[in-house]
> 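My structure is below; once you've seen it, I'll send some questions.
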Amino acid sequence: MIELKNIQKIYTTGDEQVAALKNINLTIKDGEFVAIIGPSGSGKSTLLHLIGGLDKPTEGEINVNGKNIQKLKDKELSNYRNKEIGFVFQDFHLQSHLTLLENVEIPLMFSTTQKRNDASMKKKAEELLKLVDVSERMKHRPSEISGGQKQRTAIARAIINDPHILLADEPTGNLDSATGKAIIDLLKKLHKKENMTLIIVTHDNEIAKFADRIIEIKDGLIVTKTKSTKKITT
C-alpha cells in the first residue's frame, strides 16, 4: 500500500518559490491501477517522482508497504528504486550504444537480490523481450527500431527485477494513437498478469478511462477522485 500524508513539494528558483504539490493526501492499494490526470505543470510527474523515490517532499510523509521512504539511507533508497519500483518514461531513456537486450539487463546489474551471472541475466532479459513482442529485435540498437518498440523495451527493462509498483510517466506521449493504445494494452496485461500496482500519469482521458481509479490534479491539488473503468465522470 502507498500512503501519502500532507505532502508538500516546493521548488525554489532564486527568490521565487513554486508549490508543485499542496497538501496531498492519497492512498493507493496493492494491485490497484491508478491514472493521474491533469494539465501540464499541475504536479502529476512530481507526484510520481516522489512515490518512486526520485525526489523528496518538502513536507509530509510517504509510506510504501509500511516503510517511510524519506527515512531510508542512500543505499536503502537505491535498493528501493531498483527492487520495489519499475519506471517507464515518455522519452524511453534507453542507452543508445547498447542493444535492446543489454538495455533490459541494466537493472539486474545493480540488483542485490537477483542472480547476476551473465547467463541468467541474458535468459531473463530474453524472456521479457519475448513477452513484450520485441524478441526478434533484441540485437538491434534503439536507433534501429520504432518508438513503440523502444517503449516495449523500456517496459521490459522496468519489470526485470519483478517490482511491486510500476510507475509510467506519459508512456504514450511520443507515440501515435494506435501504437499508444498497444502500449496501454500491454501495461494492462502486465498489471493483471503480475498483480503489480500500476500508476500512470497521462493527459489523455482515453487512456485514463481504463484505470480502476482516476485522480485529477490541478495547480498542485487533488481536485477529483473517480472510480471508473469505462468512462470519466469528472
Side-chain angles (χ1 to χ4, degrees), residues 1-5 7 9 21 24-38 43-57 60-72 76-90 93 104 107-108 111 113-114 128 131-132 151-152 154-173 183-204 207-217 222 224-230 232:
M1 181 178 290
I2 301 167
E3 296 179 288
L4 289 84
K5 301 178 181 179
I7 293 298
K9 181 61 184 180
L21 294 173
I24 297 293
N25 289 280
L26 178 63
T27 298
I28 299 173
K29 297 178 181 178
D30 290 342
E32 192 173 8
F33 176 4
V34 173
I36 301 174
I37 65 171
K44 306 186 302 299
S45 293
T46 298
L47 180 58
L48 210 66
H49 292 169
L50 294 180
I51 293 171
L54 296 175
D55 201 353
K56 293 185 177 181
E61 185 176 312
I62 302 173
N63 292 298
V64 180
N65 297 326
K67 183 188 303 179
N68 185 336
I69 65 172
Q70 294 110 284
K71 293 184 177 181
L72 297 178
E76 294 172 325
L77 188 59
S78 294
N79 288 337
Y80 165 76
R81 289 192 295 254
N82 181 260
K83 175 61 181 173
E84 301 287 332
I85 305 292
F87 295 97
V88 180
F89 300 99
Q90 178 177 346
H93 291 188
V104 174
L108 286 176
S111 176
T113 57
Q114 298 280 2
L128 287 177
L131 179 65
V132 301
Q151 195 60 290
R152 287 176 179 273
I155 291 169
R157 180 188 58 192
I159 64 174
I160 197 165
N161 277 335
D162 305 312
H164 299 121
I165 301 166
L166 185 60
L167 305 177
D169 192 355
E170 297 282 7
T172 64
I183 292 299
I184 294 302
D185 287 342
L186 174 60
L187 289 172
K188 285 163 51 187
K189 174 184 174 182
L190 292 171
H191 166 250
K192 185 175 181 180
K193 181 177 183 291
E194 306 295 337
N195 195 32
M196 292 183 294
T197 302
L198 174 59
I199 306 173
I200 292 181
V201 160
T202 183
H203 65 277
D204 189 337
I207 291 172
K209 72 181 182 182
F210 293 110
D212 300 323
R213 185 158 52 119
I214 301 158
I215 296 166
E216 184 180 4
I217 296 182
I222 292 177
T224 59
K225 298 178 184 179
T226 304
K227 289 187 177 181
S228 173
T229 57
K230 295 182 180 179
I232 293 179

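Sequential numbering from 1 along the given sequence is applied to the chain's residues.
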> First locate atom OG1 of T224, then atom CD1 of I214, and finally report the distance between them rounded to the nearest 0.5 Å.
8.0 Å
> State the CG-CG distance between L186 and L131, to the nearest 0.5 angstrom.
7.0 Å
> Atom CG of L198 and atom CZ of F210: how far apart are they, to the nearest 0.5 Å?
13.0 Å
> If you compare all heavy atoms of A158 against all heavy atoms of P163, which two are closest, and at what distance to 0.1 Å?
O-CG, 3.4 Å
> What distance do I165 atom CD1 and E84 atom CD have between them, rounded to the nearest 0.5 Å?
6.5 Å
> Using side chain to side chain contact (heavy atoms under 4.5 Å, CB included), reason through L54 and R81 one step at a time and then give a plain yes or no.
CA-CA 8 Å; L54 296 175; R81 289 192 295 254; 3.7 Å; yes
> Measuring only between side-chain heavy atoms, which start at C-beta, is V34 closer than 4.5 Å to D212?
no
> Quick one: are T197 and H164 in side-chain contact, heavy atoms under 4.5 Å?
no
> Give me the atom names and distance for the closest heavy-atom approach of V88 to Q151.
CG1-OE1, 3.3 Å
> If you take all heavy atoms of F33 and A211, which pair is closest and at what distance?
O-CB, 3.5 Å
> Is the backbone N or O of K56 less than 3.5 Å from a side-chain atom of K9, with the two atoms forming a donor-acceptor pair by type?
yes
> Side-chain contact, heavy-atom cut-off 4.5 Å: T202 with I37?
yes
> Taking only residues two or more places apart in sequence or in another chain, which ones pass ring pair (Phe, Tyr, Trp, His ring centres under 6.0 Å) with H49?
none
> Does any pair with a residue in residues 25-37 pass side chain to side chain donor-acceptor pair (under 3.5 Å), and if so which ones, sequence neighbours excluded?
N6-N25, E32-R213
> Look up atom CG in L47 and atom CG in L21, then write down how far apart they are to the nearest 0.5 Å.
6.0 Å
> Got a list of side-chain donor-acceptor pairs under 3.5 Å for residues 166-173, not counting sequence neighbours?
unit_1: D169; atom_1: OD1; unit_2: S45; atom_2: OG; d: 3.0
unit_1: D169; atom_1: OD2; unit_2: S45; atom_2: OG; d: 2.9
unit_1: E170; atom_1: OE1; unit_2: H203; atom_2: ND1; d: 3.1
unit_1: E170; atom_1: OE2; unit_2: H203; atom_2: N; d: 3.4
unit_1: E170; atom_1: OE2; unit_2: H203; atom_2: ND1; d: 3.2

> How would you list, by chain and number, every residue that makes a salt bridge (charged side-chain N to carboxylate O under 4.0 Å, His left out) with K67, sequence neighbours excluded?
none
> Please list, chain by chain and in numerical order, all residues satisfying ring pair (Phe, Tyr, Trp, His ring centres under 6.0 Å) with Y80, sequence neighbours excluded.
none
> How about K188 and I184: do any of their side-chain heavy atoms sit closer than 4.5 Å?
yes
> State which residues pass ring pair (Phe, Tyr, Trp, His ring centres under 6.0 Å) with H93; sequence neighbours excluded, sorted by chain then number.
F89
> I69 pairs by side-chain contact (heavy atoms from CB on, under 4.5 Å) with which of I51, I62, I2, L50?
I62
> Determine the sole option in K71, E3, Q70 for which the side-chain contact (heavy atoms from CB on, under 4.5 Å) test with E61 is passed.
Q70
> Measure across R152 and I183 and return the closest heavy-atom pair with its distance rounded to 0.1 Å.
CG-CD1, 3.7 Å
> Rounded to the nearest 0.5 Å, what's the gap from CD1 on I207 to CG on L187? Could you check?
9.5 Å
> Are L48 and I199 packed together at the side-chain level, in the sense that at least one heavy-atom pair is separated by less than 4.5 angstrom?
yes
> Kindly give the heavy-atom pair with the smallest separation between A156 and V132, and that separation in Å.
CB-CG2, 4.1 Å
> Taking the side chain as C-beta and beyond, is there a heavy-atom pair between N63 and K5 under 4.5 Å?
yes
